[in-house]
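These notes concern the structure reproduced below.
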Amino acid sequence: MRTQVAIVGAGPSGLLLGQLLHKSGVDAVIVERQSADYVLSRIRAGVLEQVTIDLLDEAGVGARMHREGLVHDGFELLYGGQRHRVDLRALTGGKAVMVYGQTELTRDLMDARRDLALPTVYEAHNVSVHGFDGTQPRVRYDKDGHSHEIECDFIAGCDGFHGVCRASVPRGALDEYEKVYPFGWLGLLADTPPVSHELIYLNTPRGFALCSMRSRARSRYYLQVPLTDRVEEWTDEAFWQELRLRLDQPGRDKLVTGPSIEKSIAPLRSFVTEPMRFGRLFLAGDAAHIVPPTGAKGLNLAATDVKYLSGALIEHYRERSDAGIDAYSARCLARVWKAERFSWWLTSLMHRFPEDSGIVAKFQLAELDYLARSPAGARTIAENYVGLPLDFNDGAA
Ligand code: RFL
Ligand code: PHB
């Protein structure tokens with residue numbers, strides 16, 4: 001088989017890239033290790049920035065998101081037993097975010113791909129990438145007992161943190177920066193009305209918690225837990241009880257509990273690969289960088305990588321210019337590091353770290369109170385949360 005761009009991974013990065021390339025007449029084949037149902041069963045992100053919303057519209061898959069997604073003009077910070085609202089719209093000159101689950105977004109992209117009969121190979125085994133340091137890249141995989149090879153011009157590594165693409169770059173060619181946090185997030189999804197119409201981020205003596213949602217009838221909650229905790233040990237009742245202990249009284253009064261639909265523990269990590277390109281292999285999304293979920297940036301960063309990568313590849317085919325390809329990594333990384341910094345900072349501000357003594361919790365409370373009360377502080381949080389403008393890094397500093 002031959003194509004122009006072979007995409008490894010059918011998560012949001014790979015599917016969105018495929019869609020944008022197709023819109024501009026560039027051929028792509030997606031090769032995914034899992035089944036489509038498995039990809040859809042992974043409960044992950046929930047908050048989309050305007051840049052991501054615009055890109056989904058550009059890809060022609062935004063209709064259901066606009067119908068069913070919830071526009072959020074603000075969120076609440078709960079610390080020292082008090083709530084403070086961050087008014088995103090007022091603080092950013094009219095910007096907001098959209099609550100729309102990654103599962104739904106992925107489903108929309110998969111449906112569009114299926115309707116257009118674009119090629120996706122699910123349940124591809126032993127995927128490997130070759131020849132990307134030269135001019136004839138290839139992707140090989142096994143399926144139904146047979147070996148297959150795709151010849152292509154470029155490979156897009158959209159295969160997440162544990163994928164094969166980054167791991168196939170020769171050792172020493174990429175610099176990797178990593179920080180692993182000493183706790184995880186235990187997430188629970190339930191068909192119960194959310195405790196509030198906006199998200200609440202909680203800094204409490206018992207640790208961080210987050211009250212989020214997928215719709216007006218479906219809640220998503222997270223609790224900071226030690227890395228040693230196992231999800232099987234957490235009954236639904238224990239989860240609700242711990243959430244109650246972290247909430248304030250109005251929250252406890254409004255909390256509606258019910259059976260979980262999904263429960264899982266995610267470790268927290270900051271990670272960046274530099275550069276995000278090696279020869280004719282491009283890394284995009286979680287394959288190139290990971291943020292702790294506190295700032296809701298992971299999927300949004302993946303979307304901007306894909307925006308830059310699709311633009312660069314389309315420019316290559318349409319205008320025979322490699323300017324975009326050559327600029328890809330630096331353009332992405334300028335944005336990535338800002339989001340990495342924000343996510344690390346918000347994580348540090350909101351969680352209890354096992355090694356910290358009581359004074360650090362006091363520093364956190366003082367900083368949160370400063371941020372909430374100072375217009376400059378509140379703007380700093382708001383402009384990062386809604387996402388920095390795409391041209392933020394253009395021009396002189
Ligand atoms: P994905 O989603 O990991 O998809 C990669 C795909 O590649 C496949 N794959 C392979 N395919 C072929 N061959 C191989 N060898 C392969 N190895 C892997 C995998 O099966 C998979 O289908 O990466 P992608 O597309 O870059 O998307 C990134 C996002 O999924 C991720 O950044 C977000 O989920 C992060 N995230 C959030 N981001 C936000 O922007 N807003 C949020 O509110 C938000 N909340 C979250 C999050 C992530 C979380 N977890 C569980 C880590 C909340 C949580 C709890
Ligand atoms: C979610 O709803 O899954 C979610 C929302 C906001 C975050 C992280 C996760 O910061």
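The shown structure was predicted, so the numbers you read here are calculated from the model rather than taken from an experiment. Atoms within each ligand, like the ligands themselves, are counted from 1 in listed order.
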Please classify the [X] to ligand 1 contact at 4.0 Å (heavy-atom distances, strictly less than): side chain, backbone, both or neither.
| X | answer |
| --- | --- |
| C158 | backbone |
| D286 | both |
| F161 | neither |
| P12 | both |
| L299 | both |
| V8 | side chain |
| V291 | neither |

Only heavy atoms count here, so choose which of [options] is nearest to [atom].
| atom | options | value |
| --- | --- | --- |
| atom 42 (C) of ligand 1 | S35, A45, G285 | A45 |
| atom 1 (C) of ligand 2 | M350, M213, R214 | R214 |
| atom 33 (C) of ligand 1 | Q102, H289, E32 | Q102 |

- Item | ILVMFWY cluster membership beyond L188 - transitive side-chain contacts under 4.5 angstrom | L78, L186, V195, I200, L202, Y221, L223, V225, V231, W234, F239, W240, L243, L247, L255, I265
Using only heavy-atom distances, determine whether the side chains of [X] and [Y] contain a donor-acceptor pair under 3.5 Å.
| X | Y | result |
| --- | --- | --- |
| Y141 | N126 | no |
| S147 | R140 | no |
| E176 | T273 | no |
| E340 | W345 | no |

Are [X] and ligand 1 in contact, using a heavy-atom cut-off of under 4.0 Å?
| X | result |
| --- | --- |
| Y38 | no |
| G187 | no |
| R42 | yes |
| A124 | no |

Nearest protein heavy atom to [atom], by residue and atom, and its distance?
| atom | value |
| --- | --- |
| atom 3 (O) of ligand 2 | Y222 OH, 2.6 Å |
| atom 1 (P) of ligand 1 | R44 NH1, 3.4 Å |
| atom 52 (C) of ligand 1 | A266 CB, 4.3 Å |
| atom 10 (O) of ligand 2 | Y201 OH, 2.7 Å |
| atom 24 (P) of ligand 1 | S13 OG, 3.3 Å |
| atom 2 (O) of ligand 2 | S212 OG, 2.6 Å |
| atom 12 (C) of ligand 1 | R33 N, 3.3 Å |
| atom 43 (O) of ligand 1 | G46 N, 3.1 Å |
| atom 18 (C) of ligand 1 | D159 O, 3.1 Å |
| atom 4 (O) of ligand 1 | G11 CA, 3.5 Å |
| atom 8 (C) of ligand 2 | P293 O, 3.3 Å |

- Qualifying residue for salt bridge (Lys or Arg N to Asp or Glu O under 4.0 Å) with D153, from R2, R280, R138: R2
- Numbered in order shown, the ligand 2 atoms found under 4.0 Å of a heavy atom of V47 are 5 (C), 6 (C)
- Is R277 positioned over the aromatic face of Y328, cation under 6.0 angstrom from the ring centre and no more than 45 degrees off axis? no
- Find out whether the Lys NZ or Arg CZ of K338 is both under 6.0 angstrom from the six-membered ring centre of F342 and within 45° of the ring's axis. no
For [X], which part has a heavy atom under 4.0 Å from ligand 2: side chain, backbone, both, or neither?
| X | result |
| --- | --- |
| W185 | side chain |
| V99 | neither |
| L199 | side chain |

- Message: Would you say the ring centers of H289 and F161 fall short of 6.0 Å from each other?
- Response: no
- Query: Any N or O of H162 that comes nearer than 3.5 Å to an N or O of ligand 1?
  - Reply: no
- Using the six-membered ring wherever Trp is involved, compare the ring planes of F75 and Y385 and label them parallel, tilted or perpendicular (cut-offs 30° and 60°). tilted
Is there a donor-acceptor contact under 3.5 Å from the side chain of [X] to the main chain of [Y]?
| X | Y | value |
| --- | --- | --- |
| N300 | A296 | yes |
| R246 | R206 | yes |
| Q364 | Y79 | no |
| D27 | V5 | no |

- Query: Out of W337, F271, W344, which residue meets the ring-ring contact (aromatic ring centres under 6.0 Å, His included) rule with Y177?
  - Reply: W337
- ring-ring contact (aromatic ring centres under 6.0 Å, His included), paired with F353, selected from F208, F363, F183: F183
- Task: Flag R44 as yes when one of its N or O atoms lies below 3.5 Å from any N or O atom of ligand 2, and as no otherwise.
- Result: yes
- Give the intermediate values and the outcome of side chain to side chain donor-acceptor pair (under 3.5 Å) for residues S35 and E123. CA-CA 5 Å; S35 68; E123 295 176 89; 5.0 Å; no
Ligand-residue contact atoms, ligand 1 with [X], heavy atoms, under 4.0 Å:
| X | result |
| --- | --- |
| G298 | 32 (O), 35 (C), 38 (N), 39 (C), 40 (O) |
| V39 | 22 (O) |
| V127 | 12 (C), 13 (N) |
| G160 | 3 (O), 5 (C), 23 (O) |
| Q34 | 20 (O) |
| P293 | 47 (C), 53 (C) |

- Task: Give a yes or no on this: more than 12 heavy atoms of other residues, nucleotides or ligands lie within 6.0 Å of atom CZ of R379.
- Result: no
- NZ of K307: more than 12 outside heavy atoms within 6.0 angstrom? no
- Message: For a side chain to side chain donor-acceptor pair (under 3.5 Å) check, start with the C-alpha distance between H22 and S24, then their side-chain angles and the critical distance, and finish with the verdict.
- Response: CA-CA 5 Å; H22 170 75; S24 290; over 6 Å; no
